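What follows is a short report on a single structure.
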Amino acid sequence: MEALLTEQYDDDAVPLALDKIPVRNVWLLFLYASGLARFRDRFEAEVETSPDFKTLVARLLCYATEKRLRRNLSFGYRRKEETLRRVRGRIDILESVSRDLFRKGQVACRFEELTIDTPRNRLVRAALSSLSGWLKDADLAHRCRTLAHALGRAGVAGKKPSRAEIASDQIGRHEADDRLMVSLARAVFDLVLPTESAGARSLLKAQRDETEFRKLFEKAIGNFFAAELPREEGWRVFPGKQYNWPVAAASTGIAAYLPIMITDIILENAKQGRRIIIDTKFTEVLTKSQHGGSRFKTGHLYQLYAYLRSQERPDDPLSMTSDGMLLYPSVGADVDETALIQGHRLRFVTIDLAQPSEDVVKRLQDIPLRSAWGADTAAMA
């Protein structure tokens, strides 16, 4: 009995064989992670012929930028404050009086100026400049530099805009070409482009602690459910949420030491009375036991169990029967197992990223829509 209680599992098992994941499926994850799923079918030929993902994104960004340059870049308004000899926009009374500008025949003005030097265009130029230094393909790197210079000649500054500036530059529904161009440019900085070789900016390294690919996978899964689950059937998708421990009494300093519980994705369907708490794990689903055989990882199971049981509240009926799911990327593995534990269904699922993209999409679509969890589980329930 003591051996069973103290049995440890090796969480540092053989890492995922990420170099075996097709570029097409990394591209699929990228599309959903960056909100570009609507463009999924537009660049099939580019996906097939690109040697790596970085080259693919560079080609597409060049294509989108060239298209915008042919049709003229989007203009925007920029707020300016200048001292002029005539009134333009609004007069800054305080500035004009404090500097005694009126006696000099001048006036401090605040006005909006139409300009091509917008945050979105500056972001694209900065992305092209960065890509030109990362690419091994000399011709493609030259193409990126040429386009960056073309944007500069058109009046776009080379300084990368701040996140606040980017957030303030809203893209309209009718600006689909701008949305593609800006999303690709943003991905250069936000998602860190994957490559098949190890390096500081590599996602496809065979290391289980590769944080950037984990980030890409987690964000793609959340956005996939948000885009693909039928809202008309009552589905709602919530991003990561921090849970509080149901502490009834505590010592003074314990709050500083309690671990934080943050979920990755929560799916809810009030019509069906379902809540699914999903935690994505960027590692192998199984680990080797010291006593032989393979097991689910104890830490992952305990974590999901804590999410479910610690949040039970009589005033929240869905919390009493919430489903928990651990979702793993895999290469060649197919696991889908469920257990009913104290009123909660715990499910362990893999997404085989070595499969064709259509199969990956279908697998993801089926995960929350399945009403039954298998004949054995249904019998237990």
Side-chain angles (χ1 to χ4, degrees), residues 9-13 15-16 18 29 32-33 207-229 235-246 258-269 274-287 294-313 316 318-331 333-353 360 363-370 373-374 377:
Y9 300 107
D10 178 16
D11 276 3
D12 296 319
L16 293 172
L18 298 182
L29 293 177
Y32 281 101
Q207 297 181 7
R208 66 181 293 275
D209 59 346
E210 182 50 76
T211 57
E212 295 299 343
F213 200 104
R214 180 188 295 116
K215 186 189 307 180
L216 178 71
F217 181 72
E218 177 185 330
K219 191 170 183 180
I221 296 301
N223 286 356
F224 179 90
F225 288 138
E228 301 293 340
L229 281 182
W235 285 101
R236 298 178 65 193
V237 181
F238 301 95
K241 177 181 179 181
Q242 180 171 333
Y243 281 154
N244 297 318
W245 291 95
L258 283 175
I260 298 174
M261 294 189 292
I262 302 179
T263 63
D264 289 342
I265 307 160
I266 299 177
L267 310 181
E268 282 192 8
N269 191 315
R274 294 183 65 190
R275 176 182 295 162
I276 307 174
I277 298 174
I278 301 177
D279 204 56
T280 57
K281 298 295 185 183
F282 186 68
T283 180
E284 292 284 355
V285 61
L286 300 174
T287 188
S294 298
R295 299 284 189 273
F296 292 127
K297 298 182 179 179
T298 54
H300 296 177
L301 178 58
Y302 294 161
Q303 179 185 9
L304 189 61
Y305 181 80
Y307 286 167
L308 298 171
R309 294 287 288 172
S310 68
Q311 302 305 306
E312 291 180 349
R313 298 198 330 264
D316 182 8
L318 290 182
S319 70
M320 307 300 290
T321 58
S322 296
D323 298 333
M325 184 185 303
L326 290 168
L327 191 60
Y328 299 81
S330 70
V331 177
D334 183 12
V335 175
D336 189 352
E337 302 293 344
T338 307
L340 183 63
I341 301 176
Q342 295 179 308
H344 298 276
R345 292 182 175 90
L346 276 65
R347 189 175 176 192
F348 302 80
V349 186
T350 59
I351 303 297
D352 188 353
L353 295 179
V360 173
R363 174 80 155 183
L364 286 170
Q365 289 173 335
D366 289 344
I367 283 176
L369 298 181
R370 285 178 55 187
W373 292 64
T377 305

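Index from 1, following the sequence. Here the structure is a predicted model, which means the values were calculated and not measured.
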Please step through side chain to side chain donor-acceptor pair (under 3.5 Å) for the pair Gln311 and Tyr307, ending with a clear verdict.
CA-CA 7 Å; Gln311 302 305 306; Tyr307 286 167; over 6 Å; no
How far does [atom1] of [X] sit from [atom2] of [Y], to the nearest 0.5 angstrom?
X: Met320; Y: Leu318; atom1: CE; atom2: CG; value: 11.0 Å
X: Glu228; Y: Ile367; atom1: CD; atom2: CD1; value: 12.5 Å
X: Asp264; Y: Asp279; atom1: CG; atom2: CG; value: 4.0 Å
X: Lys297; Y: Tyr328; atom1: NZ; atom2: OH; value: 7.0 Å
X: Leu364; Y: Ile351; atom1: CG; atom2: CD1; value: 4.0 Å
X: Ile265; Y: Lys241; atom1: CD1; atom2: NZ; value: 15.0 Å

Are side-chain heavy atoms of [X] and [Y] found at a separation under 4.5 Å?
X: Ile278; Y: Thr263; answer: no
X: Gln342; Y: Glu312; answer: no
X: His344; Y: Ile277; answer: no
X: Arg345; Y: Ile276; answer: no
X: Ser310; Y: Met261; answer: yes
X: Tyr243; Y: Ile262; answer: no
X: Asp334; Y: Asp352; answer: no
X: Arg295; Y: Leu301; answer: no

So, for Phe348 and His300, is the gap between ring centers shorter than 6.0 Å?
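No, the ring centres sit 6.0 Å or more apart.
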Looking at every heavy atom in both [X] and [Y], which two are closest together, and how far apart are they?
X: Phe217; Y: Leu327; value: CE2-O, 4.1 Å
X: Leu304; Y: Gly324; value: CD2-C, 3.5 Å
X: Ala306; Y: Trp245; value: CB-CH2, 4.4 Å

Candidate pair Glu337 and Val285, rule side chain to side chain contact (heavy atoms under 4.5 Å, CB included), full reasoning:
CA-CA 11 Å; Glu337 302 293 344; Val285 61; over 6 Å; no
Looking at [Y], is its backbone amide N or carbonyl O close enough to the side chain of [X] to form a donor-acceptor pair, meaning the two atoms are under 3.5 Å apart?
X: Thr350; Y: Val335; result: yes
X: Asn223; Y: Tyr32; result: yes
X: Arg274; Y: Pro368; result: yes
X: Ser319; Y: Arg313; result: yes

Can you list the steps and then say if Arg363 with Asp336 is a side chain to side chain contact (heavy atoms under 4.5 Å, CB included)?
CA-CA 11 Å; Arg363 174 80 155 183; Asp336 189 352; 4.0 Å; yes
